[in-house]
Amino acid sequence: MGKAALIVIDMINTYDHADAELLLPSVTEVVPRVAALLERARSRDVPVIYVNDNFGEWRSHHGELLDKALSGPHAALVEPLAPDDHSLFVVKARHSVFFETPLTYLLSQQGIDHLVLCGQVTEQCILYSALDAHIRHFDVTVPKDAVAHIHADLAQAALRMMERNMGAHVCDGDDLWRS
């Protein structure tokens, strides 16, 4: 296995969207697990790359997205996961972290060939990002306890598809970056 990066997907969020009420219970459950992954990755100098939806805010940048999320009613879900000064940040507009973003180039420049995908939503952005990573020949790991879902049954199916069809390593987050 080559050089890995932790990819944090769509966790900088105001939760002001149609599926938020269905998503929030799962997000609440995974935030501590994502925070633990962030801590372990950072302590081992594993690159952390946030790839986040811009929510149609075409003039915004990552700082504005973070400020808006931290000033919203669900700031407690964002604060433990906030980027640090070493984190990289890519803004996306669609489901896949790769769709019309500079992520492939960034990963190439960093020598990264193994992606650990965490965040939300398992049956949407995580699934599509895992597929796009697979077709780009990246190794993929998905810590199943660090991805949030809207529909549990679809999330379980998505995890099975990632593992079986895309060769993703699906594991518990505690299995990653342990001494």
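In this text the structure is predicted, and so the values were computed from the model without any measurement. Nothing fancy with the numbering, it's 1 onward along the sequence.
Between Val46 and Trp177 there is a side-chain heavy-atom pair separated by less than 4.5 Å. In this structure the side chain of Cys125 never reaches within 4.5 angstrom of the side chain of Val97, judged on heavy atoms. Proximity of Ile150 to Gln124: side-chain heavy atoms (C-beta onward) are separated by under 4.5 Å at one or more points. Side-chain contact between Thr141 and His114: present, with at least one pair of heavy atoms (C-beta onward) separated by less than 4.5 Å. Between Pro143 and Leu37, some side-chain heavy-atom pair lies under the 4.5 Å cut-off. Between Val30 and Asp145 the shortest side-chain heavy-atom distance does not fall below 4.5 Å. Side chains of Ile112 and Pro47 form a contact here, defined as non-hydrogen atoms less than 4.5 Å apart. Counting only heavy atoms from C-beta outward, the side chains of Val121 and Leu23 approach each other to under 4.5 Å.
Of all heavy-atom pairs between Ala133 and Val140, the closest is CB-CG2, 3.5 Å. The two residues Ser26 and Val147 make their nearest non-hydrogen contact at OG-O, 4.4 Å. In plain terms, the two heavy atoms of Ile12 and Pro83 that are nearest each other are CD1-CD, 4.1 Å. Of all the heavy atoms in Val31 and Pro80, the pair that sits closest is CG1-CG, 3.9 Å.
Applying the salt bridge (charged side-chain N to carboxylate O under 4.0 Å, His left out) rule to pairs touching residues 16-30 yields Glu29-Arg33, sequence neighbours excluded. For the side-chain hydrogen bond (donor to acceptor under 3.5 Å, both in side chains) condition, the pairs that include at least one residue of residues 93-106, sequence neighbours left out, are Ser96-Asp132, Thr104-Arg136. Listed by first and then second residue, the salt bridge (charged side-chain N to carboxylate O under 4.0 Å, His left out) pairs that reach into residues 77-86 are Arg42-Asp84, sequence neighbours excluded.
Rounding to the nearest 0.5 Å places CD1 of Ile7 at 5.0 Å from CG of Leu115. Atom CD of Gln109 and atom CG of Leu88 lie 12.0 Å apart (nearest 0.5 Å). Taking CG of Leu6 as the start and CG of Leu176 as the end, the distance is 8.5 Å to the nearest 0.5 Å. Between the CG atom of Leu77 and the CG atom of Leu24 there is a distance of 6.5 Å, given to the nearest 0.5 Å.
Under the side chain to side chain contact (heavy atoms under 4.5 Å, CB included) criterion, Leu131 pairs with Ile135, Met166, not counting sequence neighbours. Contacts of Pro32 classified as side chain to side chain contact (heavy atoms under 4.5 Å, CB included), with partners at least two apart in sequence or in another chain: none. Remark: Asp172 engages no residue in a side-chain hydrogen bond (donor to acceptor under 3.5 Å, both in side chains) (not counting sequence neighbours). Every residue meeting the ring pair (Phe, Tyr, Trp, His ring centres under 6.0 Å) condition with Tyr15, not counting sequence neighbours, appears here in chain and number order: His74. Looking at residues two or more places apart in sequence or on another chain, you find a side chain to side chain contact (heavy atoms under 4.5 Å, CB included) between Ala82 and Leu66.
With hydrogens and angles disregarded, no donor-acceptor distance shorter than 3.5 Å links the side chain of Ser129 to the backbone of Ile126. Judged by distance alone, with hydrogens and angles left aside, the side-chain atoms of Lys92 form no donor-acceptor pair with the main-chain N or O of Phe98 at under 3.5 Å. A donor-acceptor pair is defined here as one N or O able to donate and one able to accept, closer than 3.5 Å; such a pair exists between the side chain of Thr122 and the backbone of Ala148. A donor-acceptor pair under 3.5 Å links the side-chain atoms of Asp113 to the main chain of Lys3, judged by distance alone. When atom types are taken as modelled, the side chain of Gln120 and the backbone of His149 share no donor-acceptor pair closer than 3.5 angstrom. Side-chain N or O atoms of Ser71 include one that pairs as donor or acceptor with a backbone N or O of Lys68 at under 3.5 Å. Side chain of Asp10 to backbone of Asp53: a donor-acceptor contact under 3.5 angstrom is found.
Under a hydrophobic-cluster definition in which Ile, Leu, Val, Met, Phe, Trp and Tyr are linked whenever side-chain heavy atoms come within less than 4.5 Å, directly or via other members, Leu106 and Val91 are assigned to different clusters. By the criterion of side-chain heavy atoms lying less than 4.5 angstrom apart, applied directly or through intervening Ile, Leu, Val, Met, Phe, Trp or Tyr residues, Leu38 is not grouped with Val142; the two fall into different hydrophobic clusters. At a threshold of 4.5 Å between side-chain heavy atoms, the hydrophobic network of Ile, Leu, Val, Met, Phe, Trp and Tyr places Ile9 and Val48 in two separate groups. Residue Leu81 is not grouped with residue Ile49 when hydrophobic side chains (ILVMFWY) are merged at heavy-atom distances under 4.5 angstrom, including chains of intermediate members. In the hydrophobic clustering of ILVMFWY residues, with side-chain heavy atoms under 4.5 Å counting as a link, Met11 and Leu22 come out together.
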Q: Any chance you could lay out the side chain to side chain contact (heavy atoms under 4.5 Å, CB included) test for Val51 and Val8, step after step, and finish with the verdict?
A: CA-CA 6 Å; Val51 184; Val8 182; over 6 Å; no
Q: Check the pair Tyr50, Val90 against side chain to side chain contact (heavy atoms under 4.5 Å, CB included), reporting the backbone distance first and the verdict last.
A: CA-CA 6 Å; Tyr50 290 77; Val90 173; over 6 Å; no
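Applying the 6.0 Å contact sphere to CD of Gln110 captures more than 12 heavy atoms from other residues, nucleotides or ligands.
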Atom pairs and distances, donor-acceptor, side-chain atoms in residues 151-164, under 3.5 Å, two or more places apart:
none

